[in-house]
Trainee: 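This structure is in C-alpha cells; I'll ask about it shortly.
Computed from heavy atoms alone, side chains included, the values below leave out hydrogens, waters and symmetry copies.
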Amino acid sequence: MLPDEYPLGEGARSYLDAELGFGRLLDYGVIIPRVQQLYEWSSHELAAPGLLDCIRDGAPTYAWPFEDRDVWQPPKSFIVQMAQRALRPERRG
C-alpha cells in the first residue's frame, strides 16, 4: 500500500493500517530493523549525502515529521517478531 502523493493527504497511520500480509512482514520484519543502515549505505554508494536528511534515528522523515515516528513501531504480530529474530541485522563495529 503506497500513497499516491507526498506529502500525505491522510495521516501515515491510515496507509500503514491498510498494508496487509507479506508487505507488512517485509516492512516491519526485514526493512525497518535495517532502515538506518540502508539509508547510510545508499547515501555512501550513490554519493548522495542528502539522503541522510530523509531519516533520523532509524525513522524515515521524508513523508511526515520525526515526532510521528511511532508509526514505525512494529505491530504485535507473531510472524513479524519471528522474522525480526530470524533475520537480525548485522551489528556494526
Trainee: How close do Asp57 and Phe66 get, counting heavy atoms only, and between which atoms?
Mentor: OD2-CZ, 3.9 Å
Trainee: Could you tell me the separation between the CH2 atom of Trp41 and the NE2 atom of His44, rounded to the nearest 0.5 Å?
Mentor: 9.5 Å
Trainee: Return the minimal non-hydrogen interatomic distance between Ser43 and Pro49, and the atom names on each side.
Mentor: OG-CA, 3.3 Å
Trainee: About how many Å separate CD1 of Ile31 and CG of Leu25, when rounded to the nearest 0.5 Å?
Mentor: 9.5 Å
Trainee: Roughly how far, to the nearest 0.5 Å, is OH of Tyr62 from CG of Asp53?
Mentor: 14.5 Å
Trainee: Do Ser42 side-chain atoms and Leu38 backbone N/O form a donor-acceptor pair below 3.5 Å?
Mentor: yes
Trainee: Give the minimum heavy-atom separation between Tyr28 and Pro33, together with the two atoms involved.
Mentor: O-CD, 3.6 Å
Trainee: Looking only at heavy atoms, which two atoms of Gln36 and Gly58 are closest? And how far apart?
Mentor: OE1-N, 2.6 Å
